Structures are given as C-alpha cells and as structure tokens.
Amino acid sequence: MSIFNKNFIAAGMAGVFVAGMAASAMSADIRVGITMRMISENGQRYGQMVMDEIDMINESGGINGNMLKATLMNDECKSDKGVANAIKLINQQKVHILIGSTCSSVSLPIVDITEKAGVPQIIPHSTNDKITKKGSAWVFRVPVSGRYYAGVNAKYVGENIGKKIAYLCAADAASQNDCDAMQSQMKSQHGADPAYVAQVQEKEVDFRTHMQKIKSAGVDGIMIAALAETMARALTQSYEAGIPASVRRIGSSSASNSPVPSIAGDAAKGVFFAAAYAAADSRPIARLFNEMVKKRYGVNSPDHDFSQAYDLVRITEIALKNADLKLDDENLAADRTAIRDAIANVKDYNGLASGPISFCAAATPQCRDGNRTAVLIAYTKGGKDYKTEVLARVTMPIDFGL
Amino acid sequence: MTAIYSIFGRISETIEKLAAIHRLLPWILAFALLLPLPQILSALFNDYYIYLANKICIFILLSVGLNIVKGFCGQVTVGHVGLYAIGAVSSALISLHFGWSFWLAFPIGILAAGLAGIVVGLPSVRLEGAYLALATLGLGESVRIMIAVTPLFGSSTGLLSIPAPTIGSFTFDSYTNYYYLVLAAAMIGIYLSFSILRSATGRAFMAVREDTVAAAVHGVNVTKYKLLAFVISALYAGAAGGLFAHMPPGYIHHNNFTIIEMVTLLLMIVLGGIGHIWGGIIGAIIVTIIYDQTLEFYFYQPLLFGLTMVLIVIFMPRGIGGMIDRYLATKKFIASQEEKSNAAS
Amino acid sequence: MPLLETVDLSKSFGGLRAISNLNINIEAGSIHGLIGPNGSGKSTFFNLVTGVYQPDPGSKIIFNGHDITKSASHDIGALGIARTFQLLRLFSEMTVLQNLMVGYHTHVPYGFMSTIFNNSAVVKKDAETKSEMMELLELIGMADYADMPASELSGGQRRLVALGRAMAMRPKLLMLDEPAAGLSPVNVDNLLSIVMALKQRFGLTVLIVEHILKVVMETCDTVTVLDYGEKIGEGSPDAVKDDHAVIEAYLGQEMDDDEVRKAFNS
Amino acid sequence: MDFDFSSLFAFLLFGVTIGVVYGIVALGISLIYSGLDIVHFAHGEIYMFGAFFGLVFSHTMGFPYPVALLLAMVCAAVLGMGIERVFYRRLTKGGGGYTVAGMGMIICGFGMSIVLMNIAFLIWGAAAEPFPVDLGMPFQLGDITLPKSYALTAVVAVLLMAALHYFLKKTKLGLAVRAVAANKDIAYLMGINVPMMISLIFGLACGIAAAAGVLIGPMQSVQVEMGYLMLLKAFAAAVVGGFGSLPGAIAGGIVVGIAENLGAAYISPNHKDIYAFLLLILVLMIKPSGLFGIVARVKA
C-alpha cells in the first residue's frame, strides 16, 4: 500500500476566479449563515475572511447576478450557543446554506439541526470523525477528517521515528479524536501500544508531572494533541523538563495554528504534524494566498484554518453558481436542496488544499469527507516569524479509518 | 413605569380572584393561554422563537430551583450547574446505554440530581456564607471536570443523539412539540414552588435564612430544612437537565455547564428578585430575551451582563420582583390610609 | 414536681466557667425571676436550656419529665419551651404574621409531602392557623401590623412581636430574656399586663431574666440570683430583697439601706 | 509505573513550585478576608490583569523584568482600590458596616470577575501571549531540570510574605491595618482613617495577586482566561491553610500544589484539577479552620 505517492499538485485555479456571468434580469439575495468560534484572535480572522471573500464575490457581480447576504454569528465554541445560532439563522434569517462551525463539539449537534431542517451545512474547520459518520445528507466537510490525519501521522511516525510514543491529549473534541485515532493507527499499522497516555484539561497549564514521567519512560516521540495555546505551553515545558530534542514532538492538526510557534518559540522547532495546507507550499496559488492573508490580516504564514475558510467560500461559490435557484419564499426548501445537490456535485476542486476536494451524493463519510490529502509539516523555526517545511504530502484511500 | 406597575397589580388581583374560585384555576388558565404560544410565535415571528420559549421554560425550572435554596433558604450555593449537569448526563446515559424510554430516564435523572443535592447540601450543615460558596463552587466544577475527562459521560465529544421523548406515536422531536413538554414541566415546577414556599416549609426556609438560632429555638429543624432546600433545588435542576438533554438535537457537552452558565443563572434570580416568589420566573424570561436580543454584540454582551449584575446588586438588591412588591405595598398602604381618613371625615 | 429542673448545670467557654453546678427548679404555674449582674450567666442559662449551647458533661436538664440535656433546639421547642432573645432576633424580612406562623411551626398539622400532594388541605389548614395567629396578635395588640415586615416596626412593637412569636409555639414554659429592656415605663407596664394575661389564659409557667428589678419584684413568685455563674440566693422577692449576699453581689457593698430600697423599686 | 525516589522528588518539587504561586494569590485573598470580611471572587481577574500589566511593561515598554514586576503590582493595586472604592464599598456599607453575610458580595464579586475578564478581552484579545524572560540556564538537580523562573517565584513568595509580616507586625501603619481588621467601629473611634486602611488592604492584596501573575507569565504564558482556575486553586490554598491566615496561605498553596501533582502522578492524571477541589471540600467539611489551625477566628 503506497500511500506516499507525493502527488504535488500545481493546478491553477484560474477557472475558479472567473467572474460570474452577467447579472440576470431578476436578482435576489442568497442568504448565507455562518456560525464560528470567534473568541480567539485567529478565530475572528477566520470569520472575517469568510465575510471578506463573500463581499468580494458581491463586488464582482454576485453569483448569477444574485447577491450573497451573509450573517456571521459567534458560538464561542459552545454547543448550546452554536445550536441557538443555527436555529436562528435557519428560521429567522431563512438562510439557504449554513457555514459552521469551527469546533467539532459545536458542529456535531448542528448536523442534526440542518438535517432536520433540510439546510445544506458546510463545515470549515471541524475534524472529528463522527460529524460525517452521523449519516446526514446535508453535511459537507472541507477540512481533512481526523481519521485521515491519524493514518498519515502513524505511518510516518512508525517508519521514521519509532514505535514508543507517549500521548498527552487535551479534553477538547478535535484533540481527543486525533489522539485516539493516532493510538489506534499506531496499533493497527505497527502493533505499537502507547508508552504513556494522559488526558489533560482543555486549558491545562502545568504539564511538568507528565513530562517527568515521559522523560523517565524513555520514549521515541511525544504526541501532544491539544488546542494551539495549550500545545504551545506543553511544548515549552517538555524542553524545560529536559526531554532532549532527539525525542520528536508530534502535534495534532491544531499545531498548524500560528499561536503554537509564536508562543512556544524555540520549543516549536522540530514539531511536526499533519494539516490540510502548508504555508511553505510552492504552488503559485499558495504564494498568492500567503501574500493576501499577510496584507489583509497581518498574519505571516497562514495556517490551514485560513486556507480551509478560503476553500470553503470557493466551493460554496461553485455550488451556488451551478445550482438552479429560484430565490423566493415558496421555493426555499427546493433551493436548499438544489444547493445541497450542487455541493455534492463538486468534483476535483483544486484550491489551496493540498489535494483535490470531491463530494458525492451518498450520505456517507466516503462522500462527505471531501478532502483526503494531508500534508506533513514540520517547524524549522519558532517565534513570531516562524518557518515550516513540508515533509510529505499524502492522499489517503477513501475508506481509510472507517 | 407606573403603567407597568399597575399592569402587574391588575394581574396579581386577577390571579387572586381566580384562585378564590378554585386554587388550580389560575394555573389551568395560564397553561391554556400559553399552550398555543408556538403557533402565535410562529405566525408573528418565526420558529426560532419557539426554540427560545423552550429555553425559557428550562431556565425557569433552573432559576426557580436556585431561588428556593438561595433566595428563600439563604444558602449561598454556586454549584447549581453541577446538579443541572448531573440531571442531564444521567438521564441521557440511561436512555442511550440502556435504551430506556424518556419517561423512565427522566425521573431517574431527577433522582440522581436529588441525591447529588444531598451531597452538595451536606456542607451547608456546617458551613455558612463564603465557606459554603467555596465548597459548592468546588463541587460544581468537579462535576464538570468529571464529565469532561470521563469518556462514559461524553468527555470531549459530548453525548450525541439522545433520543427525543415519545408518547405512543407522538414524538417530541420538534421544538413545537417539545414546548408542550417543557411548558408542562415549567408550570408544574412553578406551581410546586408556590405551594412549597407558601406553606410552613417555605416559612421555615425563610426563618432559616433570617436567623438560624431563632429558627431552631422556634422548633424549626435547621439541618433538615437546609438539606430539604438543597434537595428540592437539585430536583428542579435535575428536571431542567433532563429536559435539556432530550431537547432536540439531543446533545450535551461539558461546556454547557461552566461557570458562565452559573453566572447567567445568578443574574436571573438577582434581576428577577432574589427571595421573591416570582423572582426566578421573571429573571429567566427577561435574561433569556435580552440575551438573545444582544447576541449581535457578542464581544460586549458578557461585559454588559456582568455590569448589570454588579449594578443590580448595589442599587436594586431586591430585583424587579422586589420593586413591584414595594409598589403594590405602597399602593395598598395609601389606599388603606385614604379609607381611614374617609371614615374619619 | 418542678416543670424545669437543672442538675449540676455547668458550661465553660475555653477556661472561663460561665455557669457552674447550677441547680434550679422552676415550679409549674409560677413566675420565676432570674437576676444577677452583667456576665453572671443568665443568658448562658437560657441558651443551655434551649439547646443553643451544649452543657458540659455531668450536667442534666429535665423538662416536664424529659431529659433534654442533649436535645437539639428544635426538639426542645417542640416539647414546649419558648423563649425570646435579648436582641429579639426577629425574622426581619418576614411579615409579623409570618413571624408568628414560624413560631407555630411545631404544631403545623401537615407534613412536607402534603404541601405537594394535597395542597387544598394545606391551604385550608394554613387559613385556620392564620386566623388563630390573628387572634394571638389581637391579644398582644399587634393585629393592625400583621402584614408589615418586622424590620419596619418600632422597638416596642418588635418586643411584642417577639413575645407573640414565642407564644405561637403554645409553650408550657415561656422564657423571657430582658423583655422590658429599652422600653418606656408605660410600655413596660403594658408588656407586663400582656404577659400576665397570657399566663392566665394559657396556664403558662414563666421564667424572666430582667435588669429592671422592679419588674421582677412585682411579678415574680420566686427569684433566683446568679453571680459568676453560681446561685447565690433564691426565694420570694421579699426574701431576696433582704438577702445581704445578694445585695453585695448585685449592687456592691457601699450602698446603704435607703439606696438599696430605691434601686429595687425604681 | 515503577516507583522511584528521584521521580517522587521531582513531583514534590513541581508541587512546591506551582504551589507557591497558588499561595501568593491566596495571600491576597486571605488578606482581604481577614481585613474586610469579603471573599473576593474577582481576585483571579486581578491576577490576570497583573500578568498583562507585567507583559505590557516588560515587553511593550521594555522595562527590565523586576521593574515591570513592581510597576505591575502598583497598577493592579490602583485598579483594585478603584474597584473597591467605586463598587464594593457601597455594598459593604449598605450591608451594615463591613461584615457582609455573603450573598450580595459574592454575587457582586462574580459579576465583577466577568466584567474584568471581558474588559481584558477587549483590550488584549483572547490569544495567549508569550512572556519570555531570559533568566539564564535552568538549575540541574540530578535528573530534574528546574528553570530559574520557578526558583525566582519561590524567592519572591517568601519575600512577599516576610515583607507583609513585617509590615503588619512591626510598623505603625500595619498596626492600624490590624486594628481595622479586628474591629472597624473601634478603630474608627481611635482615630484611624478606616476607609483609607480598607483601600490599603485591598490595594496590597491586589498588588500581591499581580506579582503572582507576573511571576507565572514566563512559565505558562499570559491569557485572559487564566484567572478562573487560579482563583479556584488559590481558594483551595487559602482554605487549606486556614482562611484569613497569611503564613497558612503559602503553606496551603504548597499543600494544594503537592497534592495535585502527586495525585496526577500516582492516582490519575485525568483528574488533576479535581484533587485541589477535593482537598478544599474535605478541609471545609472536616476542619474548616484549616489544616494548620493557625487561624484563631473562623467567621462563618
């Protein structure tokens, strides 16, 4: 099984950027609802990016002459708020499509809401497996599912680092999922049991006890699965505890978020992780994107949550263009169905994501986890002006991890 | 302002008149009046407000319960969300793992919360004021952490797909249908709180709040009533938790039970009137509505809430309920004085 | 047989002995006075009898044939001992009527469960209690203030409410802790006549702690004098008045007979 | 896991070093409690503000670390005094003197904590800020590496406690503070400026909290949400050491720190935060005067 086929994709996106057709005679608004976690600075930027991109679509004439009307709401990564937002957007704003959410624990209940209401939901950031395993026909995931990340990570770790791995897992949905999947992948791919496992609070600040134990366990690598700031603290403390750099630090997918290198500083050097997008990507579209994010939001190397937010808007744009929309009150349900089917028809979208994104009609994870390409990235330099390198790029088999 | 006051005065007079005919009459009437609310809301606004009505009913259960232990019995507890969480998780677990129906899981969840209420209440036997606040804060937060780190209780992903209650072929799976359930629960909860608080039990609670020594000397078993208040409020919290867990989309997560939720609850009873029989109800309705209306100011909203709380405690310690009471009492007093002077002249 | 009997009653706070080996018998139907200078242990005695403090080992308190030495306050209250407090300790946020209804607590004819399952009976019985309490308020002349919060009453009215609250317990023994403190002479007379009326009507036994000696001398059948937690004299008011030890303890030695007489009658 | 003494020693050391920080925050909480009868539920946010002040002074303005520490303490003290003066004083006076039964003050403290947290959020945002301070190479104790920042924390904690002790026991102002703590009415009659002393107590306590914030910055980075958990741990520390006792606060902090580290090491790492709460509840239930029994008065 050669999953390391290193297919560097350099396809342009010119077609995607072509402006929409001339405005049709009758124009109405396509309503877009967005609920995202906007309590962190980057969280706010992701939301802003979605809004900005939608504005730009409108400025260039909208979609088939129809303007997009977006409503952005904050769910603070709390499921009850996310649910309230989704219901409000669906019933009050009568949105045609719902974008959200950032956190897996918020996306999970919203899947049920959109399924019942019959509203297409497209997920920008959540990686938890269960989101698509629920079997809703209305949900689409732009990021890479956690199951793929684990496979890539485990393969690389087992072959290049070693089999004695310690795990520190934070108690948020994405990290927990990454951590569990990684452990089961290490078991199934390499027959390796974890050398040390500890679950810590979502915002744990003191890891020294764990680090001391890991140090005396003499491991080959440490997997730290946590949200960015927690991970950064753990990384710093792993060096403070005197665990040498020869023990590789493996991050969960949130390691790509910029707070990790900027808070951890030198401790971020050598950390590697799987993500959907590498800022070190050499494709022209990636270079352009990096430039744009830097200019607009002042972020040096955008993490994959930026690229996913961007890809999401582009995919939505394509789908909305292809959908036959009436955009009046009587046809709301029909329009929603049309948009859903149009998203399901998006095939081989080549954007910022490291591989093509394709959806299909069946309500299965195979169809709805559209992005299967993970890229392995390592930090070569920490601090505010961090640098990354791409170790490998892998497209996983569609059934992997099910 | 006076208009609002007099409306409340009118309402309370009408209620008293109705209650004179039959004590359940006002309740039945209120229930009948509130029953078509989803249809009205749907027609006037949209279905989102039905969801909000559901939320309000659940919050009423929570804040009425909290008001009993805190406002009436004077026990400073800040662990109420922990009990709410216990009710939610146990009810959800029973229907998820054993496949039992809501009608079995829900009472068991309430009972579990009630038992936990005894545990939370035990410190109150020895501790008062700030110490009790610390102990209950610790207990409440421990519950949340236990849920957050135990895979059985949902851990990081939360508990998914908790089934909606059914009666025969009727399923409470839409917010309109679920509203009938939570409305009934909230009405029963309010009714029970009224009967408890207006009986000897309620007077004993207040006596314990005012002066434990004097209460004991006058025959009130202080320990028993403190524990009773905790257990009653825990039962309320458990009921609210169970209803929250089974409410569509049937999902609970440990971050629904944080200190922020506790502060919101506190705001409800403080705003509504701590120790006022209507306090929890008024507070739950107003806070939920204001909360929804200020959603757009998400960065300033918590600031607004915190500041409101501080200012109310300082300038309006009896809350809205207390203000209305004072107005009604003044009016009554003026009327009686006028009567007297009329009789004299 | 005395209604209340204490045997070797002692209480120490740390090293300080507030009450030591006190033997007091209070006969049923009597009015018993308890006097003594400040810090002589009068209030401590009250607190021991009503279970607010636990007495030292070896003490014994017997009320109406029951050993109540280790009983909890609320049980003692249920047996029929009612008391007032020096600082009143009214339930100030509650109305006057509610204060009295708390006093009636031990006689409430329904349990907690019936408040939930049989509310109509509760409402009916509460209405009965209410009218009973209103009668009591009439007796003490506070019926007009029934719905007023206790915190808004004047000092004299508050004393009456405290008395009413104690009477609502339907006690056998009523213990009054300085009932006349801070009252004007007119109010004192009023209060005493109310107490006497209540005693007659309900067949009470009354124990009074009082600083105003006139009150004690005029109303009591028996007077016990305490000093430093010990009994230094007991007998009829007249006997006590002439007891030299009492006068010394109470007033110091330098007073002549005239001054003593003045002090006891003013 | 095999038992070895080197690890045990390491866990104890970790417990002590983090426990001292709990202790410093608890010191302020105890000071406010013994002086004003207030349990200050917004103290965690003062600590967080202190950390941000330190960050601003040391990184944005470029002051040396010790200077930034002092400046942050002063700023937090001023902030604390302002809050006390504007909000709490009305409440404590309205409640009849400075003894408050609790409810209003506790709710007000909660509200204040939300307010402060969101003000900080609006100023500095939610992202964690790194607070790197170069103190040189870490100490090497056999197998254990101990960064100097931890040692510095312990030193500052001891210094703070000693200074506070000296201030309260040996200076005239300290005597006035103690008089106010003992009885406000009598202190007032003796000609002590009670309101000013109360401001002083509050300011001192807030300054101390800020010191803890600046000290922990380099270890854990600075974040808007850092106050809440610290507050809970500091409460546990204060209660374990005996609420209102100053040496007890530091000792209690160390006990809490050791308990949670040993618990995480030998019982279950998942429940690390619960151990502090368990200790808090156990102590409250069994011996509310604290483990060391230093405190004479327990006010319930």
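Quick caveat: nothing in here was measured; it's all calculated off a predicted structure. All chains are named by letter (A, B, ...) in the order of the sequence lines, taking the proteins before the strands, and each is independently numbered beginning at 1.
Salt-bridge formation is detected for the pair D:Lys233/D:Asp273: a Lys NZ or Arg NE/NH1/NH2 atom is positioned less than 4.0 Å from an Asp or Glu carboxylate oxygen.
Ring-centre distance between D:His40 and D:Tyr88: below the 6.0 Å cut-off. In this structure, D:Phe235 has its ring center no closer than 6.0 Å to that of D:His43.
Considering only heavy-atom pairs separated by less than 4.5 Å from chain B, the leading option among D:Ala276, D:Cys108, D:Ser268 is D:Cys108. Ranking D:Val39, D:Val283, D:Ile274 against chain B, the residue ahead of the rest is D:Ile274, based on heavy-atom pairs under 4.5 Å. Comparing B:Gln301, B:Glu141, B:Gln75 by how many heavy-atom pairs each has under 4.5 Å with chain D, the most go to B:Glu141.
Although no hydrogens or angles enter the test, the distance criterion places a donor-acceptor pair under 3.5 Å between the side chain of B:Lys226 and the main chain of B:Ser124. Proximity of a side-chain donor or acceptor of B:Arg144 to a complementary backbone N or O of B:Gly140 within less than 3.5 Å is not detected. Using a distance-only test at 3.5 Å, with no hydrogens or angles considered, a donor-acceptor pair links the side chain of B:Thr136 to the main chain of B:Ala133. Side-chain atoms of B:Asn67 come within 3.5 Å of backbone atoms of B:Gly275 as a donor-acceptor pair (strictly under, hydrogens ignored). A distance-only check finds a donor-acceptor pair linking the side chain of B:His253 to the backbone of B:Ser156 [under 3.5 Å]. Judged purely by atom type and a 3.5 angstrom limit, B:Ser63 uses its side chain to pair as donor or acceptor with the backbone of B:Phe59.
For B:Thr258 and B:Glu261, the side-chain atoms include at least one donor-acceptor pair closer than 3.5 Å.
With a threshold of 4.5 angstrom between heavy atoms, B:Val125 does not approach chain D through any atom at all. B:Phe315 touches chain D through its side chain: at least one heavy atom from C-beta onward sits under 4.5 Å away, while N, CA, C and O do not. Looking at B:Leu122, the atoms closer than 4.5 Å to chain D (heavy atoms on both sides) sit in the backbone and in the side chain alike. Using a 4.5 Å cut-off between heavy atoms, B:Leu304 does not touch chain D at all. Proximity to chain B is limited to the side chain of D:Phe121, based on heavy atoms less than 4.5 angstrom apart. At a 4.5 Å heavy-atom cutoff, the contact between B:Leu134 and chain D is made by backbone and side-chain atoms alike. Looking at B:Met146, both its backbone and its side chain come within 4.5 Å of chain D, counting heavy atoms on both sides. When heavy atoms are compared at a cutoff of 4.5 Å, B:Leu139 approaches chain D by way of both its backbone and its side chain. Proximity to chain B involves both the backbone and the side chain of D:Leu284, based on heavy atoms less than 4.5 angstrom apart. Interface remark: B:Pro317 contributes no atoms to any contact with chain D (heavy atom separation under 4.5 Å). D:Leu279 does not touch chain B: none of its heavy atoms, backbone or side chain, sits under 4.5 Å away. Contacts of B:Leu137 with chain D are made by side-chain atoms alone, with heavy-atom separations under 4.5 Å and no backbone atom involved. Neither the backbone nor the side chain of D:Leu278 comes within contact range of chain B, judged by heavy atoms closer than 4.5 Å.
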